[in-house]
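Here's the structure, in structure tokens; my notes come after.
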Amino acid sequence: MKLTDSQRDWLTLTLVPGVGTARFIKLLARFQEPKRILSASQAALAQVVGPKLAERIKTYQEVSNVEVQERLLNQYDASLLTLEDVDYPAALAEIYDPPLVLFKRGALHGSDANAVAIVGTRNPSAYGERMAEELAAALVVRGITVVSGLAAGIDAAAHRGALEAGGRTIAVLGCGVDLVYPSQNAELMHRIVQQGCVVSPF
């Protein structure tokens with residue numbers, strides 16, 4: 001995907017070390033949009049986030065790797081959502097410290113607001129794995145999206161159960177959407193991208 005100017009500004013600020021959600025929101029309250037944050041003087045930024053972070057924002061935007069991120073987005077057929085995008089999951093936006101940006105592969109639907117997370121041990125019994133699959137299948141046939149983490153064990157079983165029942169499932173990763181972990185879930189991840197969505201703040 002080709003990033004819009006606004007998305008590039010969001011991503012630039014997100015990549016600055018020390019700019020988390022709380023500070024970003026403080027900056028937005030003062031400057032209204034990321035573009036104005038990036039063009040603000042160091043002194044004006046320092047009034048909001050202090051001198052050290054203000055200096056980092058002014059210097060880091062010159063060396064940020066937005067171009068690298070954009071190239072990877074295209075390579076993996078991924079896209080970027082910012083906290084202001086209408087497709088950003090509403091429930092996630094309401095948590096205490098939501099990710100400023102999400103990388104995704106696949107599609108998010110409005111119906112995904114009706115979701116249940118199924119997570120568990122990486123070393124389940126055969127019974128536990130079967131129950132995770134059956135529970136996921138029972139949920140998706142009722143129009144509920146199953147969310148899990150693509151880990152081995154219960155997470156993978158939940159995704160499989162949702163897919164086999166023809167429903168939607170979302171994998172929330174602790175690594176980038178360009179990575180498969182564990183590696184044995186590569187085919188499962190591919191199926192999720194086709195039938196649901198893989199998302200990560202990385």
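Scope of the values below: all heavy atoms of this structure, side chains included, with no hydrogens, waters or symmetry mates. Here the structure is a predicted model, which means the values were calculated and not measured.
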Task: Inter- and intrachain pairs under side chain to side chain donor-acceptor pair (under 3.5 Å), touching residues 172-184, at least two apart - done: none

TODO: Please answer whether the main-chain N or O of N123 pairs with a side-chain N or O of T121 as donor and acceptor at a distance below 3.5 Å.
DONE: yes

Open item on the list: Ignoring hydrogens, what is the shortest heavy-atom contact between L102 and P201? Give both atom names and the distance.
Closed with: CD2-N, 4.1 Å

- [ ] Side-chain contact test, heavy atoms from C-beta onward, threshold under 4.5 Å: evaluate it for H159 versus E164 and give yes or no.
- [x] no

TODO: Starting at CD of Q195, measure out to CG of L163 and round the result to the nearest 0.5 Å.
DONE: 4.5 Å

Task: Shortest non-hydrogen separation from V19 to L13 and the atoms involved - done: CB-O, 3.6 Å

Task: Salt bridge flag under 4.0 Å for residues D77 and R105 - done: no

TODO: State whether R160 and E129 are salt-bridged, where the test is any N-O pair (Lys NZ or Arg NE/NH1/NH2 against Asp/Glu carboxylate O) under 4.0 Å.
DONE: yes

Task: CG-CD1 distance between L150 and I170, expressed to the nearest 0.5 angstrom - done: 13.0 Å

- [ ] Assess whether atom CG of D97 is packed by more than 12 heavy atoms of other residues, nucleotides or ligands within 6.0 Å.
- [x] yes

Open item on the list: Exactly one of V177, L179, V172 should register a side-chain contact (heavy atoms from CB on, under 4.5 Å) with S200. Which one does?
Closed with: V177

TODO: First locate atom CZ of R122, then atom CG of D155, and finally report the distance between them rounded to the nearest 0.5 Å.
DONE: 7.0 Å

- [ ] Only one of V49, V16, L83, L100 passes side-chain contact (heavy atoms from CB on, under 4.5 Å) with F24; say which it is.
- [x] L100

Task: Pairs touching residues 17-36 that satisfy salt bridge (Lys or Arg N to Asp or Glu O under 4.0 Å), sequence neighbours left out - done: none

